[in-house]
Amino acid sequence: MYRFFVQPQINGHDQSVYGYEVLLRKRQKDTWTLPNNFSEISMDEQATLLEETADTLKTSLTNKVIAFNLNRDQIDNPFTIGTMVALKKRINPAALTIELTEAPTLDEIQKYSLLLHQYDMKLVLDDVGTGSNTYDNIKDLLPYVDQIKFAMQNLRMSGQANQIPEQLAFWTEIAQQYRLEMVLEGVETPQDQKLAAKYGIQINQGYLYGKPTIPHEGNS
């Protein structure tokens with residue numbers, strides 16, 4: 001059994017809920033865990049679960065964003081774009097944002113950008129600044145996306161937390177240069193919140209605002 005958990009994304013300006021990232025979980029015995037492979041459940045099944053989640057959260061009425069992740073296998077699947085377009089039509093006027101967890105090729109980002117924007121979906125590059133998502137590797141992709149997402153927890157887990165302020169300064173400058181929104185993930189303390197405010201980052205996500213939970217009407 002699968003379902004989406006949701007984690008709120010918060011508008012740092014007024015602390016209101018901007019939207020929710022949906023996170024796939026699998027039921028095993030008496031607990032919910034991360035799937036071993038996110039492609040083990042088909043895109044059609046995930047789209048159905050996402051539609052149910054949007055309906056539960058009533059995002060078409062509240063104007064809150066739902067952010068949905070696509071990994072490399074899903075990006076490569078030629079049917080993924082069609083599934084996302086069909087889903088967006090079903091949940092209209094709810095806002096749907098697609099987060100690419102792995103950097104695509106230039107041809108792929110151009111295709112996704114052209115087709116998803118036609119249906120009023122935003123495109124996000126996740127985990128900028130960590131792993132292979134260095135500026136040199138993704139700079140040619142930036143004109144085609146709407147947001148970049150910086151995950152502070154990635155640097156913390158790799159023992160590089162001291163680099164967070166410098167990295168934030170760099171990526172906020174890049175976001176301004178390319179006219180992109182920036183999402184800050186891993187906001188866990190009031191100090192992290194102040195750091196986001198210092199760099200003018202408006203969309204914040206992390207345990208300070210709530211852990212991923214099963215969605216219910218009136219999530220906030």
Side-chain angles (χ1 to χ4, degrees), residues 7 9-13 18-19 21-23 38 65-77 80-81 84 95-118 121-189 191-209:
Q7 186 174 34
Q9 296 180 331
I10 301 299
N11 184 327
H13 178 69
Y18 169 84
E21 182 178 4
V22 294
L23 302 159
F38 285 90
V65 174
I66 289 183
F68 175 67
N69 297 312
L70 293 180
N71 63 22
R72 165 49 56 189
D73 289 342
Q74 292 161 337
I75 293 170
D76 287 343
N77 187 326
T80 293
I81 290 181
M84 292 296 98
L96 181 62
T97 292
I98 305 301
E99 293 191 9
L100 305 180
T101 61
E102 299 164 83
T105 65
L106 183 58
D107 285 345
E108 288 170 337
I109 199 80
Q110 290 172 334
K111 178 175 66 175
Y112 269 79
S113 180
L114 176 64
L115 294 174
L116 296 185
H117 285 148
Q118 287 182 20
M121 285 180 272
K122 288 186 176 182
L123 200 54
V124 187
L125 280 179
D126 200 2
D127 293 335
V128 296
T130 55
S132 61
N133 287 352
T134 63
Y135 175 68
D136 285 342
N137 285 344
I138 67 171
K139 63 182 179 181
D140 293 331
L141 311 181
L142 295 175
Y144 301 97
V145 302
D146 306 284
Q147 295 178 348
I148 55 176
K149 191 171 189 179
F150 183 88
M152 293 192 290
Q153 68 271 23
N154 290 346
L155 291 177
R156 288 172 177 144
M157 289 188 293
S158 64
Q160 299 174 300
N162 61 312
Q163 295 184 18
I164 288 175
E166 179 183 352
Q167 288 284 320
L168 280 182
F170 174 79
W171 285 105
T172 51
E173 183 178 342
I174 293 299
Q176 292 168 5
Q177 178 182 339
Y178 285 88
R179 303 300 189 268
L180 304 174
E181 294 177 315
M182 185 165 174
V183 182
L184 183 60
E185 189 178 10
V187 179
E188 299 176 354
T189 67
Q191 288 72 31
D192 291 341
Q193 198 175 44
K194 290 177 181 177
L195 194 62
K198 175 182 177 180
Y199 291 103
I201 301 170
Q202 291 298 316
I203 308 173
N204 302 327
Q205 180 180 345
Y207 284 4
L208 180 65
Y209 309 108

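The figures here come from the full heavy-atom set of this structure, side chains too, leaving out hydrogens, waters and symmetry mates.
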Minimum heavy-atom distance L184-M152, with the two atoms named
CD1-CG, 3.6 Å

Show your working on side chain to side chain contact (heavy atoms under 4.5 Å, CB included) between Q147 and I203 and close with a plain yes or no.
CA-CA 10 Å; Q147 295 178 348; I203 308 173; 3.8 Å; yes

Do Q9 and Q205 get their side chains close enough for a donor-acceptor pair, meaning under 3.5 Å?
yes

Can you tell me how far the CG atom of L195 sits from the CD1 atom of I201, to the nearest 0.5 Å?
7.0 Å

For E166, does the CD atom sit with more than 12 other heavy atoms under 6.0 Å from it, leaving out its own atoms?
no

Shortest non-hydrogen contact between P165 and N162, atoms and distance:
CD-O, 3.6 Å

Quick one: CD on Q74 to OG1 on T80, what's the gap to the nearest 0.5 Å?
6.0 Å

Rounded at 0.5 Å granularity, tell me how far CG in L23 sits from CZ in F68.
10.5 Å

Less than 4.0 angstrom from a charged side-chain N to a carboxylate O is my criterion; do K111 and D107 meet it?
no

Considering all heavy atoms of both residues, which atom of G186 and which atom of R156 are nearest to each other, and what is their separation?
O-NH1, 2.7 Å

Identify which one of N71, I75, N133, V124 satisfies the side-chain contact (heavy atoms from CB on, under 4.5 Å) criterion when paired with T101.
N71

Worked check of side chain to side chain contact (heavy atoms under 4.5 Å, CB included) between L70 and Y112
CA-CA 11 Å; L70 293 180; Y112 269 79; 3.9 Å; yes

Atom pair OH (Y144) and CD (E108), whose distance is rounded to the nearest 0.5 Å:
13.5 Å

Can you find a heavy atom in the side chain of I138 that is under 4.5 Å from one in the side chain of L125?
yes

Please say which of L123, L106, L100 ends up in a side-chain contact (heavy atoms from CB on, under 4.5 Å) with L141.
L106

For the residue pair E21 / N69, report whether a side-chain donor-acceptor contact shorter than 3.5 Å exists.
yes

Determine whether M121 and L115 satisfy the following criterion, side chain to side chain contact (heavy atoms under 4.5 Å, CB included), listing intermediate values before the conclusion.
CA-CA 9 Å; M121 285 180 272; L115 294 174; over 6 Å; no

Between G131 and T134, what is the shortest heavy-atom contact and its length?
O-CG2, 3.9 Å

Would you say NE2 of H117 has more than 12 non-hydrogen atoms from neighbouring residues, nucleotides or ligands within 6.0 angstrom?
yes

The reported gap from CD1 in I109 to CG in D140 (rounded to nearest 0.5 angstrom) is 11.5 Å

So which of L116, I98, T97 actually passes side-chain contact (heavy atoms from CB on, under 4.5 Å) with K122?
T97

Does atom CD of E173 have more than 12 heavy-atom neighbours from other groups under 6.0 Å away?
no

Smallest heavy-atom separation, A103 atom then R72 atom, equals O-NH2, 3.0 Å

To check you understand the geometry: which heavy-atom pair defines the closest contact between H13 and N11, and what is its length?
N-OD1, 2.8 Å

Just wondering, do V128 and F170 contact through their side chains at under 4.5 Å, heavy atoms?
no

Is there side-chain contact between L168 and M182, with at least one heavy-atom pair below 4.5 Å?
yes

Using 0.5 Å steps for rounding, measure from the OH atom of Y18 to the CG atom of N204.
12.0 Å

Is T130 close to Q167 at the side-chain level, that is, under 4.5 Å between some pair of heavy atoms?
no

